[in-house]
Amino acid sequence: MTDLALRSATELTALLRQGDVGARELLDHYLARVERLNPDLNAVVTLDVATARKAADAADAARVRGAALGPLHGLPMTIKDTLETAGLRTTAGAPIFAEHVPSEDATVVARARAAGAVIFGKTNTPAFAADVQTYNPVFGVTRNPWNGARTSGGSSGGSAVAIAAGLSALEIGSDIGGSIRTPAHCCGVYGHKPTHGIIPSRGHIPGPPGMLGDYDLGVMGPIARSADDLALMLDVLAGPEPAQATAWTLTLPPPRRSTLRDYRVAAWLDDPFAPVDAEVQARGHATVAALRAAGVAVDETARPVPNLGVVHRCYEKLLWPILSGGMAPEEIEEFAKLAGSTAPDDANLFDRFTRAVTLRHRDWIAVDEERQHLRRAWAEFFTRFDVLICPILPLPAIAHDHEGTILSRTIQVNGQQREYIELIVWAGLVTMALLPATAVPAGRTPAGLPVGLQVIGPYLEDRTTIDFARRLGAVFGGYEAPPGA
């Protein structure tokens, strides 16, 4: 039988409701697995065993009394270390916050607790969530459960490893450059990047602790072992902040289709601007073949936007200014001098970066207008198609590479040296347009490394991408436990 810890959260919540397993029993089972497996993986970086056991005991007592059970009642789970947890250290992987203990939960954490979740630990992230690999000066490197020499992805790398290896029942991550989808791809699990704005981001670091405002592009979302779990957690997390709920509520539309074969599907599996490794492409083509065998028509030529490079340049100009919020004034001044001394050169990553982090607001308005035209193109595309299948990363999980910076590193794609920053191009395609995307496991490479694909859907139609991912997983791919789990 499948180890309890590797079952889906949907199955586990049913067992908890029925009394077939106790919250304390399940929590202790996960804690034992953390003790046994985490030293090699380094996914869970902070534990609060005493508080969690007290919460689990209370959940068991409430069930015995017949008290109303929330959808996550008694479910043990961990939280990415960028999301503030009241009374539990939250570092964002940054030495400056190494001893930061928040007094208040992030909104998504508060919602998980209110739904009955038992939060017992935090999972690793790169410093300030600013990389597609997970390592930092506070806690070190998180290793991929399929191959310890490979990255777990980032920035929700600890989250994805905890789910893949059965160290947690459910996770909440964050995503601005693929930070939910990339680790899901690297570790062979499901993840959902929601439509921007439907899940509050208050309590995420970065920005600074105590920040109340939302920020462009970034979202919070679930990481899990099944698409059903993503739907479960979406219902828990989605909705306005309490102050906004005075005037509006959120009602997401149901999935567009009721059977897999009824979905109108497009696939975009490679592009000259950001070439995709042959092994990743192979999993994409195998997915398309499985869909066609199931009676689904798939168009591999339709494109929502005419040029991936144009989309990525727009995305960079929106993304880099957000990063500048954490920079010291003297850093910004230096970048402004550099930006003013260089001529526009789209081939030079560093010049593009210096100009974008010092973008004037009037110039940002022009970039945002460009984005709105691209979003209109996406909306038109989704009048003809229901979902678009794309890569998440151009490569399987890469070997650990912590030399230099994200601006100086390189990767090898099909034997060709490429910029490291291309690791966020396919994720940014969706992020720039504020759309929902569900990461779904699509099998493994000949070397045994997981490959994921993202199912992209129309604005606010998160239930469509999750439903399609669930139906796809029934005929192809899906979660597999890594060796030793």
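All heavy atoms count here, side chains included; hydrogens, waters and symmetry mates do not.
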Should T134 and T142 be marked as a side-chain hydrogen bond (donor to acceptor under 3.5 Å, both in side chains) after you check the CA-CA gap, both sets of side-chain angles, and the distance that decides it? CA-CA 6 Å; T134 294; T142 295; 5.5 Å; no
All heavy atoms of L230 vs all of A224, minimum pair found to be CD2-CB, 4.0 Å
- Query: Under 3.5 Å, is there a donor-acceptor pair between the side chain of Q454 and the main chain of P391?
  - Reply: yes
Has the side chain of E84 got a donor or acceptor atom that lies under 3.5 Å from a matching backbone atom of T90? no
A356 and K317 have their tightest heavy-atom pair at CB-CA, 4.2 Å
Quiz item: Any donor-acceptor pair under 3.5 Å linking the side chain of N144 with the backbone of T151?
Solution: yes
Is the closest basic N to carboxylate O distance between D368 and R375 below 4.0 Å? no
Can you tell me if N136 uses its side chain to pair, donor with acceptor, with the backbone of T125 under 3.5 Å?
yes
*Answer yes or no: is there a side-chain heavy-atom contact under 4.5 Å between T195 and P436?*
yes
What one should report as the nearest heavy-atom pair of D462 and T465 is O-OG1, 3.1 Å
Does L75 form a side chain to side chain contact (heavy atoms under 4.5 Å, CB included) with L12? I'd like the steps, not just the answer. CA-CA 7 Å; L75 186 73; L12 292 173; 3.8 Å; yes
Walk me through whether Y315 and L217 qualify under side chain to side chain contact (heavy atoms under 4.5 Å, CB included).
CA-CA 9 Å; Y315 171 58; L217 303 179; 4.1 Å; yes
Query raised in the report: How about Y420 and L349: do any of their side-chain heavy atoms sit closer than 4.5 Å?
Result: no
The reported gap from OG1 in T438 to CD1 in I389 (rounded to nearest 0.5 angstrom) is 11.5 Å
Using the rule given for side chain to side chain contact (heavy atoms under 4.5 Å, CB included), can you reason through R352 versus R313, listing the C-alpha separation, both sets of side-chain angles and the distance that settles it, and then say yes or no?
CA-CA 9 Å; R352 295 197 313 269; R313 294 293 182 254; 3.4 Å; yes
Flag the pair R202 and E104 as a salt bridge only when some basic side-chain nitrogen lies within less than 4.0 angstrom of an acidic carboxylate oxygen. yes
Nearest heavy-atom contact between L472 and L260 is N-CD1, 4.3 Å
Between T182 and G154, the two heavy atoms sitting closest are CB-O, 3.7 Å
Working note: Y479 + I163, criterion side chain to side chain contact (heavy atoms under 4.5 Å, CB included); need CA distance, chi angles, decisive distance, verdict. CA-CA 10 Å; Y479 166 75; I163 293 302; 5.7 Å; no
d(F385 CZ, R256 CZ) to nearest 0.5 Å is 11.5 Å
Subject >> Pairing of R303 and D271 as salt bridge, 4.0 angstrom limit >> reply: no
Rounded to the nearest 0.5 Å, the CH2 atom of W268 sits from the CG atom of L388 at a distance of 7.5 Å
Legend entry - Donor-acceptor contact present, side-chain R264 to main-chain T383, <3.5 Å: yes
>> If you define the side chain from C-beta out and look only at heavy atoms, does anything of R111 sit under 4.5 Å from M220?
In response: no
Taking S156 for the side chain and G173 for the main chain, is one N or O donor matched with an acceptor at less than 3.5 Å?
-> no
* In this structure, are over 12 heavy atoms from other groups packed under 6.0 Å from R292 atom CZ? -> yes
Measuring only between side-chain heavy atoms, which start at C-beta, is Y135 closer than 4.5 Å to N42? no
So CG of L435 and CG of L460: to nearest 0.5 Å the spacing works out to 9.5 Å
Practice item. Apply side-chain hydrogen bond (donor to acceptor under 3.5 Å, both in side chains) to the pair S179 and S174, showing each step before the final yes or no. Key: CA-CA 6 Å; S179 288; S174 57; 5.8 Å; no
Taking side chain as C-beta onward, heavy atoms only, is I205 less than 4.5 Å from F97?
yes
* Could you walk me through whether E171 and T123 pass side-chain hydrogen bond (donor to acceptor under 3.5 Å, both in side chains), step by step? => CA-CA 9 Å; E171 255 283 353; T123 50; 2.7 Å; yes
Value for CG (L407) from CZ (F350), rounded to nearest 0.5 Å, stands at 7.0 Å
Side chain D229, main chain T10, donor-acceptor under 3.5 Å: yes
Here the gap from L453 atom CG to W426 atom CH2, rounded to the nearest 0.5 Å, amounts to 11.0 Å
Are any of the side-chain heavy atoms of T464 and Y263 separated by less than 4.5 Å?
yes
In K193, R181, H192, the residue satisfying side-chain hydrogen bond (donor to acceptor under 3.5 Å, both in side chains) with D175 is R181
* Would you confirm whether W146, through its side chain, and C187, through its main-chain N or O, come within 3.5 Å as a donor-acceptor pair? => yes
Is the side chain of H400 donor-acceptor paired with the backbone N or O of R143 at a distance under 3.5 Å, no angle test? no
Closest heavy-atom pair, A162 versus R225, reported as atoms and distance to 0.1 Å, is O-NH1, 4.3 Å
Any donor-acceptor N or O pair under 3.5 Å, side chains K122, T91
no
Can any side-chain N or O of R470 pair as donor or acceptor with the backbone N or O of S226 at less than 3.5 Å?
-> no
* Within 6.0 angstrom of E403 CD, more than 12 heavy atoms from elsewhere -> no
| How about T78 and S159: do any of their side-chain heavy atoms sit closer than 4.5 Å? | no
Side chains of L423 and P394 in contact at under 4.5 Å (non-hydrogen atoms): yes
